[in-house]
Protein chains: 2
Amino acid sequence: MTNALPQIKRDFIEGLSQISRFWGFPKGMGAIFAVLYLSPAPLSLDEIVVQTGLTKGAVSTQVRALARLGLVYRSSKLADRKDYYEAETDFYKSIRSILKERQNTEFDRALAAVKDALVRLESGATHAEERAFLVERVRALQEFFDAIDNLSRAVVKLESLGISNVQKILSILK
Amino acid sequence: MTNALPQIKRDFIEGLSQISRFWGFPKGMGAIFAVLYLSPAPLSLDEIVVQTGLTKGAVSTQVRALARLGLVYRSSKLADRKDYYEAETDFYKSIRSILKERQNTEFDRALAAVKDALVRLESGATHAEERAFLVERVRALQEFFDAIDNLSRAVVKLESLGISNVQKILSILK
DNA sequence: TACTATGTTTAGTAATTACTAAACGCACAG
DNA sequence: CTGTGCGTTTAGTAATTACTAAACATAGTA
């Protein structure tokens, strides 16, 4: 039907691509998500290829990444060997799984390193005065990261409670 | 004094570098911040060069970027031509200015594009049925972005109220 | 005026990341 | 067992980004 995509879709895809890059994901990932999100029915890998202009390989890997992040779902039709993908439409759910993903891996490791530095500092060999200073600084940073961690856990907790909760938060902070 | 940096500092710097990259900033930026953050006194550009191992040019541009983000402050001593830099230690303040910075520029533009798509969709020429579907999807995304926007405004509002507020938020979401 | 100590800009390089094209593997159909 | 339709992997390329080295600009100093 829409062999040449309508301009509006193009713009939308472009917009999501930008947003994707902005948050540190590949541009193509945003494009793929956009295509799926605007499709009333699940799409096969090749349909995504056509609509995004990416190659099969790229789509294959990116779509898998999206699935790992919980932004798309993979399904299949009986008596059809193709895989089909559709976009998650509950964005809070998505955020939740993205944060979960991000919390593991590198970030945690880096954070552990900082924590470790603190521990070792306390038994370190520097002058008492300088040491006290360093300990305090590292501790403050540590505390901050913990707060961030809590905050993201809080977001995770939002579950599918939706927007009303955000409003609640806003009202408290008013 | 510490010509060869103690291992603990090295580790800390390395840790912050990783964290920096993880959040989409250059590695060197994290390193510079780490050095400043661990210094009891403001440092000159050349001192930063020594401690990070970067070149003068890199430090010059990155430190300026950090200043724009509100993560470091530039100062100068009387009768001393050097500039001196020190780290912001109120991280909530930092987050606030980072978010402010991010909200302008690209992200806003992309968001505007999506908004625009919605408007044009409503007067578009597609089949009524398909159009209704698209409008609904774009609208939902729009709403989500607004919520995110609100949330980040909320964080911005935290001002220097500190951690207790995060706890408050947590308690609501319990 | 020229000299020195600073920070900035620039042009090029290195490193990283996203992507392409094509080979591959696997399951099903004949 | 062979061929066909699919997704995956891989090896190489393009594009982006972070950085270096060095020229440059500026302001103070002799």
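So that the names make sense, note that chain A is the first sequence line, chain B the second, and so on, each numbered from 1. Only this structure's heavy atoms are used, side chains among them; waters, hydrogens and symmetry mates stay out.
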*Between L54(A) (CG) and dA18(C) (P), how many Å, whole number?*
13 Å

*OP1 or OP2 of dT8(C) less than 4.0 angstrom from a side-chain nitrogen or oxygen of S60(B), does that happen here?*
yes

*Could you state the atom-to-atom distance from CZ of R21(B) to P of dA15(C) in whole Å?*
13 Å

*Pairwise side-chain contact, I48(A) with L36(A), heavy-atom cut-off 4.5 Å (strictly under)*: yes

*Hey, is the side chain of K56(A) pairing donor to acceptor with the base of dG7(D) inside 3.5 Å?*
yes

*Using whole Å, report how far NZ of K82(B) lies from P of dA27(D).*
19 Å

*Just checking, any donor-acceptor pair under 3.5 angstrom between side chains of S44(B) and E47(B)?*
yes

_First of S44(B) and M29(A) reached from the 5' end of DNA chain C, by closest nucleotide_ = S44(B)

*Roughly how many Å is it from CG in D83(A) to P in dC26(C), rounded to a whole number?*
16 Å

*Please state how far atom CZ in R64(B) lies from atom P in dA18(D), giving the value in whole angstrom units.*
15 Å

*Atom CZ of R81(A) and atom P of dT8(D): how far apart are they, to the nearest Å?*
14 Å

*Does a side-chain heavy-atom distance below 4.5 Å link R74(B) with D83(B)?*
yes

*Classify the nucleic acid contact of G28(B) as base, sugar-phosphate or nothing, counting any heavy atom under 4.0 Å across all strands shown.*
sugar-phosphate

*asked:* Output the rounded distance in Å from CG (L43(B)) to P (dT6(C)).
replied: 15 Å

*Closest to side chain of T61(B), choosing from dT8(C), dT20(D), dT9(C)*: dT9(C)

*Which word best sums up how the rings of F91(B) and Y37(B) line up, parallel for under 30°, tilted for 30 to 60°, or perpendicular for over 60°?*
tilted

*State which of dT20(D), dC19(C), dA18(D) makes the closest approach to the side chain of P26(B).*
dA18(D)

*Let me know the distance between OH of Y85(A) and P of dG7(D), rounded to the nearest Å.*
6 Å

*Basic-acidic side-chain contact under 4.0 Å: E14(A), R10(A)*: no

_Earlier contact from the 5' end, DNA chain D, for G53(B) and K27(A)_ = K27(A)

